[in-house]
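Notes for the one structure printed next.
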Amino acid sequence: QVPLVESGGGLVQAGGSLRLSCAPSGRTFRNYVMGWFRQAPGKEREFVAATTWSGTNTYYADSVKGRFTISRDNAKNTMYLQMNSLKPEDTAVYYCAADSMLWRTTLVVSTTSYNYWGQGTQVTVSS
């Protein structure tokens, strides 16, 4: 059973917006750090954004800062990634991830810091 399930991907024109959702499947990730990563064809998976359980701490890749917003609704046990001003270079499969790590920016940006992953959702931005 996949521990996390992403939704909300799709095809959008450049300049448009999408909101991705990530919800646990069969368990809770209370007090876990959660993040979003993406992987474009032929490229390595890269960090997008991360947040603590409370939402007090957030961190973004420079490439999405000011355009993307990560948030959590703990009552719904769901994490979101609001993506605005989308660019063709944002095209990728987007994955959510979770782990019970301490909040350190050097840790949250690394794929190896996360033990729980979703299967991904495709985001395609046309020019």
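Fair warning: this is a prediction, and the values are worked out from it, not measured in the lab. Index from 1, following the sequence.
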Show your reasoning for whether side chain to side chain contact (heavy atoms under 4.5 Å, CB included) applies to Leu18 and Val123. CA-CA 9 Å; Leu18 282 174; Val123 171; 3.9 Å; yes
Between CD of Gln13 and OG of Ser126, what distance do you get to the nearest 0.5 Å? 5.0 Å
Could you give the distance from OH (Tyr116) to SG (Cys96), rounded to the nearest 0.5 Å? 13.5 Å
Separation of Arg27 CZ from Asn77 CG (nearest 0.5 Å): 10.0 Å
Between Pro3 and Phe29, what is the shortest heavy-atom contact and its length? O-CE1, 3.7 Å
How about Tyr114 and Phe37: are their ring centroids closer than 6.0 Å? yes
Mind checking whether Met101 and Trp117 sit in one hydrophobic cluster, side chains of I, L, V, M, F, W, Y counted as touching below 4.5 Å? yes
When Arg38 is tested against each of Glu44, Glu46, Glu89 for salt bridge (charged side-chain N to carboxylate O under 4.0 Å, His left out), which residue passes? Glu46
Decide whether Met79 and Tyr59 are clustered together by the hydrophobic rule: side chain heavy atoms of Ile, Leu, Val, Met, Phe, Trp, Tyr closer than 4.5 Å, transitively. no
Is it the case that one hydrophobic cluster holds both Val64 and Val108, taking links as side-chain heavy atoms less than 4.5 Å apart, direct or via other members? no
Beyond-backbone contact of Ile70 with Met34, side-chain heavy atoms, under 4.5 angstrom: no
If every non-hydrogen atom of Ala40 is compared with every non-hydrogen atom of Thr91, which pair is closest and at what distance? CB-O, 3.7 Å
Under a 4.5 Å side-chain heavy-atom rule over Ile, Leu, Val, Met, Phe, Trp and Tyr, are Leu4 and Tyr94 clustered together? yes
Side chain to side chain contact (heavy atoms under 4.5 Å, CB included), that's the test. Do Gln82 and Ser17 meet it? Break it down for me. CA-CA 7 Å; Gln82 178 66 44; Ser17 298; 4.0 Å; yes
Could you check whether any side-chain heavy atom of Thr52 comes within less than 4.5 Å of a side-chain heavy atom of Tyr32, counting everything from C-beta outward? no
Indicate if Met83 and Leu11 have the same hydrophobic cluster label, given that clusters are the connected sets of ILVMFWY residues with side-chain heavy-atom separations under 4.5 angstrom. no
Out of curiosity, Ser7 OG to Tyr80 OH, how far, rounded to the nearest 0.5 Å? 9.0 Å
Between the CZ atom in Phe68 and the CG atom in Leu20, the distance rounded to the nearest 0.5 Å is 8.0 Å
Could you tell me the separation between the OG1 atom of Thr51 and the CH2 atom of Trp36, rounded to the nearest 0.5 Å? 12.5 Å
Under the criterion side chain to side chain contact (heavy atoms under 4.5 Å, CB included), I'd like the reasoning laid out for Val48 against Tyr95: C-alpha separation, chi angles, the key distance, then a yes or no. CA-CA 10 Å; Val48 175; Tyr95 299 88; over 6 Å; no
Minimum heavy-atom separation for Ser54 and Thr56, please, with both atom names. OG-OG1, 2.8 Å
Regarding Asp90 and Lys87, does a basic nitrogen lie under 4.0 Å from an acidic carboxylate oxygen? no
Should we say atom NZ of Lys65 is surrounded by more than 12 heavy atoms from elsewhere, each under 6.0 Å from it? yes
Given the rule in the side chain to side chain contact (heavy atoms under 4.5 Å, CB included) test, do Val93 and Gln119 qualify, once you have shown the distances and angles that lead to the verdict? CA-CA 9 Å; Val93 177; Gln119 289 186 317; over 6 Å; no
I'd like to check the side-chain hydrogen bond (donor to acceptor under 3.5 Å, both in side chains) partners of Asp99; sequence neighbours left out, ordered by chain and number. Asn115
Does Arg67 use its side chain to pair, donor to acceptor, with the backbone of Ser85 at less than 3.5 Å? yes
